[in-house]
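Shown next, in structure tokens, is the structure this report addresses.
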Amino acid sequence: MRVRSRVVCVGDDVDTDAIIPGKYLGSQEPAFLALHVLEGLSGRFPGDLSNVAILCAGENFGCGSSREHAALALRAAGIRCVIAASFARIFFRNAINTGLLAVELKEVSRLSEGDDVEVDIEYGKVVNHSTGEVFSIPQYAGTVRDIVAAGGLVEYVRRRTGR
Amino acid sequence: MGQTLTQKILSQKAGKPVKTGEVVEIGVDFTLTHDVTGPIAVSEFNRMGAGLVWDRDRVALVLDHATPSKDIQAAEACRKLRRFAAEQGISRVYDEGQGVEHVLLPESRWLRPGSVLFGADSHTVTAGACALFATGVGSTDLAAIWALGTTWIRVPAQMRLNFTGEMPRWLSGKDLILYVLRLIGTNGAHYQSMEFTGPVISRLDMDQRFTLCNMSVEAGAKNGIVPADEVTAAFFGVSPEELKELVSDEDATYEQWLEVDVSGMPPQVAVPSSPGNVKDVTELGDIQVDRVFIGSCTNGRLGDLEAAAEVLRGKRIARGVVALVLPGSTEVFREALKRGLVDTFLEAGVTVGPPSCGPCYGGHLGVAGPGEVVVSTSNRNFRGRMGHADALVYLASPAVAAASAVTGRISSPEEVI
Ligand code: SF4
């Protein structure tokens, strides 16, 4: 699985309220959630996410509540992969389960806003085409790999139970 | 090589010895969801086309958040879960007003030491006080466990917190965990397992151990755990011999090890707006209080109500302060009535309401307005958590909360007694 796009970058400790504020949780409608994604970010709003499939973040991305809306909202806004120095654990699970790639990369600060970045899950690498740098990332293993391959947990369970 | 209790439980459920950082598939013994995360889990479960849950006797549904239903949406959410329970033949349904999940489930003795609990709620970690592995997940994750009876987990690194010294008179499990948050911050146990040990923990009763484990998630932990001992055995009505395997091996290795001496420690308070922003109550100065909340999955148990009543007995709360007690369960409520604690509260001018999460997450029953200062025994004081974004929430023990209600400013129990 490969994703390549221009990247948008956010900072450390982006919590689930920043990704999708609590007042929008009444809806699970992807188009609606996409409209409000990252609206709770304090400071700079990344703005136009069209044609952006990769979001870069610092430490502890997705901390806070166990709401799945956060992963859903990013996915609905066209983000297919988040590269972060680290993830809050429930967000990491929710991302994998809802078909959003979550990639841990300690050197994420080597990727800058606007860079042309490629993530290759099978080969376990991230390429910054703008600078020519290549980073290796751990490959998904076991059940996580199977869920990613199925495109999410619902599909994974359907396959596994033969429905 | 020796294993920690968490590693032992995960190894047993994975069917092989586990290593830190590896992803393993494990069997799950118990599951839990509530009226906010449950309806989504039901929808996702139906989308999975799985039909029946893997084991209807291992599913608990607790209607505790927006209940007794605070509005029409809440009533509908509860109805959806009741209907699901009826279709599936799930009998473990705790209906509106019966109590808060993390108080109810351990109290019912349904969970067993050495088992694995997954709950669609971050404070599922509370149950680790029963020497079991308990952690929170999202709704879809829970739905998949209903379908498969298994889930995946990345084996956490191990962190040990060893408590020594003499517990001062008014110190409680709440103060200990707030102090830990002060030391390591809200990310200090990220992805890790927090194991609580030492002579101080051996002497703590179960109620206080639940409080400790409850807030391990505030440090980012995957689970909090207290190894089995006599106190655990007495709680489950079994002999200590039966639980003797449920401890960490002497030669187990820990990625982090912290020693905490509790001697002379003043009560601890988390000031706005992070549970990691902790100070001694004595350093706070003069902070006027508008609301006091005693309850929640952190401090809604009998021991907590007793500590609060001890401070309030024979006193009146300060004029202009609104103080509310929500017992954590019907059982806690009944026992509080029997022991005269409810009388003490009512005589002091404290309101006693139904078991519910209530204002803890800003839902209902005493939500804070703009600029109001709240002293709460719950676990999170993020901006907006208990109501208006400009409300200021201080997290403290039941004794400190009660003392603050009496004086009208944040106070140590010693000021009142
Ligand atoms: S009491 Fe508060 S923290 Fe505990 S389960 Fe309820 S809302 Fe969550």
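Note that these values count all heavy atoms, side chains included, but never hydrogens, waters or copies made by symmetry. Throughout, a chain's letter reflects where its sequence line sits, starting with A, and its residues are numbered from 1. Keep in mind that what you see is a predicted model, and the values were worked out from it rather than measured.
- Scanning residues 24-42 of chain B against chain A with a 4.5 Å heavy-atom cutoff picks out B/Glu25, B/Thr37, B/Ile40, ordered by number.
- Proximity to chain B at a heavy-atom threshold of 4.5 Å picks out A/Thr143, A/Val144, A/Ile147, A/Leu153, A/Val154, A/Tyr156, A/Val157, A/Arg158 from residues 142-159 of chain A, in numerical order.
- Taking 4.5 Å as the heavy-atom cut-off, none of the residues of residues 74-82 of chain A approach chain B.
- Counting non-hydrogen atoms of neighbouring residues, nucleotides and ligands closer than 6.0 angstrom, the OH atom of A/Tyr123 reaches no more than 12 such neighbours.
- From B/Arg383, atom CZ reaches atom CG of A/Asp15 across 11.5 Å, with rounding to the nearest 0.5 Å.
- The most heavy-atom pairs under 4.5 Å with chain A, out of B/Thr135, B/Thr140, B/Thr151, come from B/Thr140.
- Listed by first and then second residue, the ring-ring contact (aromatic ring centres under 6.0 Å, His included) pairs involving residues 75-121 of chain A are A/Phe61-A/Phe91, A/Phe87-A/Phe92 (not counting sequence neighbours).
- No other option in B/Ala50, B/Ala147, B/Gly220 has as many heavy-atom pairs under 4.5 Å with chain A as B/Ala50.
- For the pair A/Ile90 and B/Gly138, the tightest heavy-atom approach, listed with the atom from each and the gap, is CG2-N, 4.1 Å.
- For the pair A/Arg160/B/Thr150, a side-chain contact is recorded, criterion being any heavy-atom separation below 4.5 Å from C-beta on.
- Nearest heavy-atom pair across A/Glu68 and B/Asp141 is OE2-N, 4.1 Å.
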### Query
Step by step, would you call B/Met48 with A/Thr161 a side-chain contact (heavy atoms from CB on, under 4.5 Å)?
CA-CA 9 Å; B/Met48 288 169 186; A/Thr161 55; over 6 Å; no
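- Looking at B/Val137, both its backbone and its side chain come within 4.5 Å of chain A, counting heavy atoms on both sides.
- In this structure, chain A has no heavy atom under 4.5 Å from any part of B/Ser43.
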